[in-house]
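Reviewing the structure listed below.
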There are 2 protein chains.
Amino acid sequence: MARPSGSRGARTATLSDVAKLAGVSVATASKALNGRNHVHAQTRARVLDAAAQLSFSPNSLARGLLAGRSGTVGLLTSDLVGRFSLPILMGAEDAFGAGQVSVFLCDARGDAIRERHHVQALVSRRVDGLIVVGSSTDPRPPLADAVDVPVVYAYAPSEDPEDLSIVPDNVGAGRMAVEHLIACGRTRIAHISGDRDYSAARDRVAGATAALDDAGLEPVGQVSYGTWSEGWGRAAAGILLDRHPEVDAVLCGSDQVARGVMDTLRERGRTVPDDVAVMGFDNWEVLTTGARPQLTSVDMNLEELGRTAARALFDAIDDEHDRGVRTMRCRVVLRGSTAPLN
Amino acid sequence: MARPSGSRGARTATLSDVAKLAGVSVATASKALNGRNHVHAQTRARVLDAAAQLSFSPNSLARGLLAGRSGTVGLLTSDLVGRFSLPILMGAEDAFGAGQVSVFLCDARGDAIRERHHVQALVSRRVDGLIVVGSSTDPRPPLADAVDVPVVYAYAPSEDPEDLSIVPDNVGAGRMAVEHLIACGRTRIAHISGDRDYSAARDRVAGATAALDDAGLEPVGQVSYGTWSEGWGRAAAGILLDRHPEVDAVLCGSDQVARGVMDTLRERGRTVPDDVAVMGFDNWEVLTTGARPQLTSVDMNLEELGRTAARALFDAIDDEHDRGVRTMRCRVVLRGSTAPLN
DNA sequence: AAAATAACCGAAAACCTTTTCGGGTATGCT
DNA sequence: AGCATACCCGAAAAGGTTTTCGGTTATTTT
């Protein structure tokens, strides 16, 4: 009992086993199984039968060796633990899985050494392409080693503008959020952002500010930066209410911040959304649907971003290159925390 | 410009290229690069030089074809979107990456057809083993197709007791939680659980009940089941306080439930932890550290579970089989929501 | 009936690496 | 000096598949 099940003591069937059983040559067997023409229907049936009988599964290694392309890609994340890699990964896996491509997953854990090691391994496995998923939207250095296959950067763009990068549209997200609040009839809009060190925070602020400006509105108070946390949201909301009690909408740098803001609003006796509308970014389900009322948020469409990156990589493998930074549209997911004023 | 970088128009260097450049045979080149003995130090240096110069990277496909083992494993998740797959995945990836093993990631998205398709692809790629990650701790059917390589089930055990499964110890978690609350001096402990349809919920309840019994304590009220959500936690806590205002600790089926419970406690003027201690399961960071006070929770050690599964698969590949269900210990992560009574 | 054509099948090369085994050279020993 | 012994190196096979091209048989045309 070398193997748990189905072992039968024999090694896995090979094409020549199938050919032998079907009474044909390996060449014919190959053609029959791959749907090539120039093989009699009856012969094909015999081969298919034999293959099924031996539960034949073609050896992709041999095929890849011959074809010079493995039908695999590498998915290199900088930091799986972060919240943003997973949906991107899902999207990419989805897009590839639909084709005949299998995905190698590698997590560098934010370590450059480990990253190089993984890249080396992937090159050795002859992946046909590579998606590099960053851990924040700040630009990252391109892969150091001369990699011989196409690379697409996702979430974090490459510092080299000649590389192809797919990133979320944080500026557009900020703009979209403010436009939604204005559409709800809000005019005294404050912005409690996240960590200033993240370009995601600054970009969202830029978009929001621009949208306010376009609408001829003044922001209520200054944009305040802090951390991506509920605690910061609670604290910042306290300060905001002290200084600007007239506020009728708070745009928050993330859903976490928004949760904190809602807590403080409730404690100060402000009702959401009648009194103050609240809105977040990221559409992190556990936070948005757990909130009371549920939290309107801007979804960054990360799964779609992953799919797009995968498709772009497909194109690049087929020699249809593209360069530069491509941004993904995002979308407002409406929930109870924002509602029209009447 | 066929390729983004480093292409030089030439195909990737092969071992015979290296050999030619070094002025030796491919056999010698191979031995030199793989540290085999019986090759002169000076010759080896020449080969290494040549390899570096051509940035040679051995073709793992060819190597795998020859060796009869690919040095890859499949990681088959039922549902990536769930919260529990990711840490397991990280642990497994970590354990494998440390070796020379690369990981194929496949997500079946809860679909049996897709699962079979992925298994077929993995078999075709000649993975040396397979880890199947379930989406809940309820047992799942074993892989239908006769897979020729070792399989380890993680999180969700296989229905076949002959398979090897690694699962979290939910019963132990429930026990541990109650013991912690008792150690904090609590004696009037209520339990608001999650979705009764999940064995995770029932097992935790079983452990908690047993621990109460061992301590000679009666539970406060009946265990109440609902959903894994903050909303349920808020509602259930309201009912609990109405019926049993004397409660001094609430054990919650998950961190989400716990957040809801804490909300209601605060609204009813109960302080945590002085008045009532609160505790959750899963140690979902964004929820536990965002709570006020921060939430004590039982960590199910999922990353370690993933690592363990990977090591078990290693052993199985080396023909050191193991069978049955192995449970992982979990651990209480202490935070502000539980504290000793004085 | 002979020839031309179409349809089908098989031998062999190619992909790249590792390993085995035999041959060759220098060194040490008698 | 002659022989045995280490020590190195190279030729060749193996691993499983796909593709090309030449060959064989059956079918149609004249």
Side-chain angles (χ1 to χ4, degrees), chain A residues 10-48 50-51 54-72 100 120-121 123-128 148, chain B residues 10-48 50-51 54-72 100 120-121 123-128 148:
Chain A
R11 77 194 195 303
T12 67
T14 163
L15 184 59
S16 64
D17 296 336
V18 175
K20 202 172 299 172
L21 182 59
V24 298
S25 73
V26 286
T28 305
S30 170
K31 278 180 280 195
L33 290 172
N34 293 312
R36 289 274 170 291
N37 44 2
H38 296 299
V39 45
H40 200 276
Q42 196 175 322
T43 314
R44 167 162 309 165
R46 260 207 335 277
V47 172
L48 259 52
L54 299 173
S55 64
F56 169 73
S57 167
N59 188 326
S60 294
L61 276 62
R63 181 181 291 184
L65 183 58
L66 193 57
R69 85 168 32 181
S70 62
T72 61
Q100 295 299 318
Q120 189 47 53
V123 167
S124 183
R125 297 212 181 271
R126 296 296 186 267
V127 291
D128 298 331
D148 222 4
Chain B
R11 78 194 194 301
T12 66
T14 162
L15 184 60
S16 66
D17 296 336
V18 175
K20 201 173 300 172
L21 182 58
V24 297
S25 73
V26 284
T28 306
S30 171
K31 279 179 279 195
L33 290 172
N34 293 312
R36 289 274 169 291
N37 43 2
H38 295 302
V39 45
H40 200 276
Q42 196 175 322
T43 315
R44 167 161 311 168
R46 256 202 344 272
V47 172
L48 259 51
L54 299 173
S55 64
F56 169 75
S57 167
N59 188 327
S60 295
L61 276 62
R63 181 181 291 182
L65 182 58
L66 194 58
R69 87 171 28 183
S70 62
T72 61
Q100 296 298 317
Q120 189 45 54
V123 167
S124 183
R125 298 213 181 269
R126 296 296 186 268
V127 291
D128 298 330
D148 222 4

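Just so we're on the same page: letters track the sequence lines, and every chain starts at 1.
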4.5 Å side-chain heavy-atom contact, A/Thr14 and A/Asn59: no

N/O donor-acceptor pair under 3.5 Å between A/Ser70 side chain and A/Gly64 backbone: no

Sugar-phosphate, base or nothing in reach of B/Thr14, heavy atoms under 4.0 Å: sugar-phosphate

Atom pair CG/CG of A/Leu61 and B/Leu66 - distance to nearest 0.5 Å: 11.0 Å

side-chain contact (heavy atoms from CB on, under 4.5 Å) between B/His40 and B/Val24, worked out: CA-CA 12 Å; B/His40 200 276; B/Val24 297; over 6 Å; no

Given D/dG15, C/dT17, D/dC8, the nucleotide with the shortest approach to the side chain of B/His40: D/dC8

Interatomic distance, A/Arg125 CZ vs C/dT17 P [rounded to whole Å]: 14 Å

Spacing of B/Asp148 atom CG and A/Ser57 atom OG [to the nearest 0.5 Å]: 10.0 Å

Closest nucleotide among C/dA14, D/dA14, C/dA11 to the A/Leu66 side chain: C/dA14

Residue whose closest nucleotide on DNA chain D lies nearer the 5' end, B/Arg46 versus B/Arg126: B/Arg46

Check: A/Ser60 side chain, B/Ser124 main-chain N or O, donor-acceptor pair, under 3.5 Å: yes

N/O donor-acceptor pair under 3.5 Å between B/Arg126 side chain and B/Leu65 backbone: no

Side-chain N,O (B/Ser16) to OP1/OP2 (C/dC16) below 4.0 Å: no

Rounded distance (Å) that lies between atom P of D/dG16 and atom CG of A/Asp17: 8 Å

Length of the line joining B/Arg69:CZ and D/dA14:P, which is rounded to integer Å: 22 Å

Rounded interatomic separation in angstrom, taking CG from A/Leu33 and C1' from D/dT18: 12 Å

Sugar-phosphate, base or nothing in reach of B/Ser60, heavy atoms under 4.0 Å: nothing

Selected nucleotide, minimal atom distance to B/Ala62 side chain, candidates D/dT19, C/dT18, D/dG15: D/dG15

OP1 or OP2 of C/dT18 under 4.0 Å from side-chain N/O of B/Arg36: no

Rounded interatomic separation in angstrom, taking CG from B/Leu65 and P from D/dG15: 9 Å

Phosphate contact (D/dG15 OP1 or OP2) by A/Asn59 side-chain N/O below 4.0 Å: no

Closest to the A/Leu15 side chain, choosing from D/dT20, D/dT17, C/dC8: D/dT17

Minimum side-chain heavy-atom gap B/Ser30-B/Leu15 below 4.5 Å: yes

Between D/dG16 (P) and A/Lys20 (NZ): distance, integer Å: 11 Å

Candidates D/dG16, D/dT19, C/dT18 - which lies nearest the side chain of A/Lys31: D/dT19

Whole-Å gap separating P (D/dC7) and CD (B/Gln42): 17 Å

Phosphate-side-chain proximity, A/Ser25 and C/dA11, N/O vs OP1/OP2 below 4.0 Å: no

Closest to the B/Thr43 side chain, choosing from D/dT17, D/dC9, D/dG10: D/dC9

Selection from D/dT19, C/dC9, D/dC9 that lies nearest to any side-chain heavy atom of A/Val39: C/dC9

Separation of D/dA14 C1' from B/Arg63 CZ (nearest whole Å): 16 Å

From C/dT19, D/dC9, C/dC8, nucleotide with atom closest to B/Thr28 side chain: D/dC9

Axis bend over the full length of the helix from C/dA1-D/dT30 to C/dT30-D/dA1, computed from five pairs that close each end, to 10 degrees: 50°

